[in-house]
Student: 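Here it is, the structure, as structure tokens.
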Amino acid sequence: MCARNPGTSLDLEWVSKSRVNTQAVLKRAQQIQSFRLPKKQWQAAWLLRAVTCIDLTTLSGDDTPSNVQRLCLKALQPIRSDLLQDMDMHHAGITTAAVCVYPSRVSDAVKTLKAANSSLPVASVATGFPAGQTPLQTRLEEVRLAVADGAAEIDIVINRTLALTGQWQALYEELVQFRTACGNAHMKSILAIGELGTFTNVYKASLVSMMAGSDFIKTSTGKEAVNATIPVAVVMSRAIRDYYIRTGYKIGFKPAGGSARSPWFGWCW
């Protein structure tokens, strides 16, 4: 986990003056894609590390207590024991980073993990995931209910309408209320980058989310037509760097995407 980000006052001047050079971002993304991949034991080490950064997720309409239980057990032992033995990693205690479910399934996940004597955190999507098109009070109550049921991380979705229309003050105020509703739970702000239109909007939404106290900024819900991409990762990572330079607070980054049952990857630096 990253240390908590207390947030800052909204710096509208910084937000309004921000511009992203699209060609520079695409060039940097191309450079990253040209890097040589690690081989043999180094590749295995990176893959094991990636497993420990996954939020193992189920977000389907047919979720039940039993399939949430299976998901939790998979999160506790994501790699086959014989493979871990072969790599001499069977005593490393490798698990995923968290289990992520809808608010109504949080109690099922918490119960299963508690029965397994595990401290693995439960994450919950909230705030009208994935569209965020429910009334503000409904979105706030959803956060509170998920936290009350034991969620240690809350994945909120930003109001894309406010971002697309440049209402950064209103977006900031909503996110501050979500952060307050999260209490001690970490808040991950999903930008839904596939619906923000431009790299500049992605950068500005990243800044506003961090100023409002987000512990992580996350690319996507996984439900949009475009989810995590390397160019977007470059833009969001640079926003994180710039925020750190100005404030001294380190924010986590989580690329996400795929189907409702796909794992979500993320890391913190």
Side-chain angles (χ1 to χ4, degrees), residues 50 53-64 67-68 70-71 74-75 96-106 108-109 121-136 138-143 145-146 151 153-165 171 174-175 178 181-182 185-199 201-206 208-209 212 214-236 239 252-267:
C53 295
I54 293 173
D55 285 0
L56 199 60
T57 302
T58 181
L59 296 171
S60 297
D62 59 353
D63 283 341
T64 62
N67 76 286
V68 169
R70 287 193 297 272
L71 187 82
K74 181 66 174 177
T96 64
V99 169
C100 183
V101 294
Y102 274 120
S104 59
R105 300 270 71 91
V106 167
D108 297 328
V122 174
S124 175
V125 296
T127 66
F129 179 96
Q133 293 285 355
T134 53
L136 177 59
T138 301
R139 286 179 279 151
L140 285 166
E141 187 62 18
E142 194 174 32
V143 174
L145 290 171
E153 303 174 11
I154 302 296
D155 290 24
I156 65 100
V157 289
I158 72 164
N159 186 327
R160 277 81 94 191
T161 300
L162 297 179
L164 289 168
T165 55
L171 178 60
E174 277 198 2
L175 293 176
F178 294 150
C182 284
H186 282 69
M187 185 171 87
K188 290 177 268 181
S189 293
I190 305 174
L191 306 187
I193 56 90
E195 297 177 350
L196 291 184
T198 67
F199 288 148
N201 269 347
V202 170
Y203 184 89
K204 290 181 177 182
S206 298
V208 173
S209 297
S214 300
D215 297 291
F216 283 79
I217 53 174
K218 190 169 177 175
T219 59
S220 322
T221 67
K223 310 289 189 179
E224 295 85 47
V226 177
N227 295 286
T229 66
I230 292 178
V232 162
V234 170
V235 173
M236 293 175 66
F253 168 69
K254 293 189 78 72
S259 68
R261 294 189 187 275
S262 294
W264 289 355
F265 295 82
W267 57 88

Student: Of all residues at least two apart in sequence or in a different chain, which pass the side-chain contact (heavy atoms from CB on, under 4.5 Å) check with Ala181?
Tutor: Leu140, Val143, Arg144

Student: Check Leu56 against Ala75 and note the closest heavy-atom contact, atom names and distance.
Tutor: CD2-N, 3.7 Å

Student: How far apart are the closest heavy atoms of Ala228 and Pro255, and which atoms are they?
Tutor: CB-CB, 3.9 Å

Student: Is there side-chain contact between Val234 and Pro231, with heavy atoms separated by less than 4.5 Å?
Tutor: no

Student: Taking side chain as C-beta onward, heavy atoms only, is Arg105 less than 4.5 Å from Thr58?
Tutor: no

Student: Measure the CD-CG distance between Glu195 and Leu164 for me, rounded to the nearest 0.5 Å.
Tutor: 8.0 Å

Student: Keeping the roles fixed (side chain from Thr57, backbone from Asp55), state whether a donor-acceptor pair exists under 3.5 Å.
Tutor: yes

Student: Could you pull out all donor-acceptor pairs under 3.5 Å where a side-chain atom in residues 126-135 meets a protein atom, sequence neighbours excluded?
Tutor:
unit_1 : atom_1 : unit_2 : atom_2 : d
Thr127 : OG1    : Val157 : N      : 2.9

Student: Give, for atom CE of Met236 and atom OG1 of Thr219, the distance between the pair rounded to the nearest 0.5 Å.
Tutor: 6.0 Å

Student: For Ala146 versus Val106, what's the shortest heavy-atom pair and its separation?
Tutor: O-CG1, 3.9 Å

Student: Between Asn227 (side chain) and Ser220 (backbone), is there a donor-acceptor pair under 3.5 Å?
Tutor: no

Student: Can you tell me how far the CD1 atom of Ile193 sits from the OG1 atom of Thr221, to the nearest 0.5 Å?
Tutor: 10.0 Å

Student: Is a donor on one side and an acceptor on the other found under 3.5 Å between the side chain of Ser189 and the backbone of Ile217?
Tutor: no

Student: As an exercise, state the distance from SG of Cys100 to CD1 of Ile54, rounded to the nearest 0.5 Å.
Tutor: 13.0 Å

Student: Just jot down the side-chain contact (heavy atoms from CB on, under 4.5 Å) partners of Thr64, sequence neighbours excluded, or say none.
Tutor: Ser66, Asn67

Student: So how far is it from Leu71 CG to Asp108 CG, rounded to the nearest 0.5 Å?
Tutor: 11.5 Å

Student: Counting N and O atoms only, with roles assigned by atom type, does the side chain of Ser124 sit under 3.5 Å from a partner on the main chain of Ile154, one being a donor and the other an acceptor?
Tutor: no

Student: With a 4.5 Å limit on heavy-atom distance, are the side chains of Leu191 and Ser206 in contact?
Tutor: yes

Student: If every non-hydrogen atom of Leu175 is compared with every non-hydrogen atom of Ala212, which pair is closest and at what distance?
Tutor: CB-CB, 3.4 Å

Student: Does the side chain of Asp155 reach to within under 4.5 Å of the side chain of Lys254, using non-hydrogen atoms?
Tutor: no

Student: Quick one: pull up NZ in Lys188 and CG in Asp215 and give me the separation to the nearest 0.5 Å.
Tutor: 9.5 Å

Student: Check whether any side-chain heavy atom of Ile190 lies under 4.5 Å from a side-chain heavy atom of Phe216, and answer yes or no.
Tutor: no

Student: Which heavy atom of Lys223 sits nearest a heavy atom of Leu59, and at what distance?
Tutor: NZ-O, 3.5 Å

Student: Do Leu145 and Pro103 touch side chain to side chain, with heavy atoms closer than 4.5 Å?
Tutor: no

